[in-house]
Amino acid sequence: MDTTAQRRYLLINPNTNALTTQRLQDVLRPLLPQGVQLAVRTARFGAQYIACEASHAVAAHACVDAWANQQSAASGSLNGVLIGCFGDPGLFALREVSGCPVTGLAEASFNQAASHGPFAIVTGGERWKPMLHRLAVSLGFGAQLRHIETVAPTGAALQADPDMAIRCLTQACQQAAQSGVAAIILGGAGLAGYARLLQPHIPLPLIDSALAGLEVMLKQTSPPAPHAQDGFFAQWQGMPEAFNAIPTRDAG
């Protein structure tokens, strides 16, 4: 019996770049089990590619906005939500308001990489290093994360030039492998699908953050939803109508 039949999931790209959304869909949709539906939303506002604290903060708002718009427009409940960004903007907010499990590319990757032992991260954009370290600590993976190797090109630049990305990322993964770790995460929505291309050149398991996100979402190995139904605790003012369509919880 296929227990995944008629299950509905939501993938949110917190970047406003539609090409990143398309790459996630191209890589993940062929892997969906039969009967699983995956709705996809791209952020209505924010940065083309999240690469700094300010764009990450705005992306958290955009994630909640995308979720609220999906829930106000669709009938039926969701079985899970995946934040399609290696940085998981809005993770804690969505986990608070959603009636189903929520995870992000980073959290899912941390879970999978930690099963091998201490791990490293390879990603694009130097400003991500302190942000990812902070996220790992907040999610309880601070001790397992031993090294973060950032490459100079941003995720957007790597996505735009596949040949350059393979050369650059191979060198970065080889460097990260020397840090005494047991696995390496290749992090970034725009880098979905690259791990299998690089794996023959790397002596350690490579974790594709997008594939990890899909697997954790479908298997529901992320923390369970704290509430059975969607709902905000806040009373909104000046927000889109979709926010007002979501029930309000008793803050007490």
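Throughout, numbering of the chain's residues begins at 1 and tracks the sequence. FYI, side chains are in, hydrogens and waters are out, and symmetry mates aren't considered; it's all heavy atoms of this structure.
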Discussion item. So does Ala62 get a backbone contact from the side chain of Arg44, meaning a donor-acceptor N/O pair under 3.5 Å?
Written reply: no
Discussion item. Does anything in residues 207-229 form a ring pair (Phe, Tyr, Trp, His ring centres under 6.0 Å)? List the pairs, not counting sequence neighbours.
Written reply: His227-Phe233
Worksheet item: Quick one: ring pair (Phe, Tyr, Trp, His ring centres under 6.0 Å) partners of His133, sequence neighbours excluded?
Response: none
Discussion item. Quiz question: by atom type and distance under 3.5 Å, do the side chains of Thr21 and Thr42 form a donor-acceptor pair?
Written reply: yes
Fill in: Nearest-0.5 Å distance, CG of residue Asn79 to CD of residue Gln37
9.5 Å
Discussion item. As an exercise, state the distance from CZ of Arg146 to CD1 of Ile184, rounded to the nearest 0.5 Å.
Written reply: 14.0 Å
Practice prompt. Look only at the side chain of Asp65 and the backbone of His61, and say whether a donor-acceptor pair between them is shorter than 3.5 Å.
Written response: no
Worksheet item: Out of curiosity, Leu204 CG to Gln174 CD, how far, rounded to the nearest 0.5 Å?
Response: 11.0 Å
Worksheet item: So which pairs with a foot in residues 10-35 pass ring pair (Phe, Tyr, Trp, His ring centres under 6.0 Å), sequence neighbours left out?
Response: none
Practice prompt. Given side chain to side chain donor-acceptor pair (under 3.5 Å), test Asn15 with Asn17 step by step and report yes or no.
Written response: CA-CA 5 Å; Asn15 307 275; Asn17 188 344; over 6 Å; no
Can you give the donor-acceptor pairs under 3.5 Å from side chains of residues 186-196 to other protein atoms, not counting sequence neighbours?
none

Worksheet item: Can you pull the side-chain hydrogen bond (donor to acceptor under 3.5 Å, both in side chains) pairs that have at least one residue in residues 86-113, sequence neighbours excluded?
Response: Arg95-Glu107, Thr103-Glu107, Gln112-Glu215
Worksheet, complete the sentence: When rounded to the nearest 0.5 Å, the distance separating CE of Met217 from CG of Leu28 is 7.5 Å
Worksheet item: Does Val97 offer a backbone N or O that forms a donor-acceptor pair with the side chain of Arg249 under 3.5 Å?
Response: yes
Worksheet entry | Exam field: side chain Thr150 to backbone Thr123, donor-acceptor pair closer than 3.5 Å | no
Item to complete: For residues 87-116, pull every pair meeting ring pair (Phe, Tyr, Trp, His ring centres under 6.0 Å), keeping only residues two or more places apart or in separate chains.
Response: Phe110-Phe119, Phe110-Phe141
Discussion item. Would you compute the distance between atom OG1 of Thr170 and atom NE2 of His201 and round it to the nearest 0.5 angstrom?
Written reply: 5.5 Å
Worksheet item: Near Arg127 CZ, under 6.0 Å, is it more than 12 heavy atoms from other residues, nucleotides or ligands?
Response: no
Fill in: No-hydrogen, no-angle side-chain donor-acceptor test under 3.5 Å, Gln159 and Thr20
yes
Worksheet item: Just checking, is any N or O donor in the side chain of His147 or Glu149 under 3.5 Å from an acceptor N or O on the other one?
Response: yes
Worksheet entry | Arg29 CZ to Leu214 CG distance, which is reported to the nearest 0.5 Å | 11.5 Å
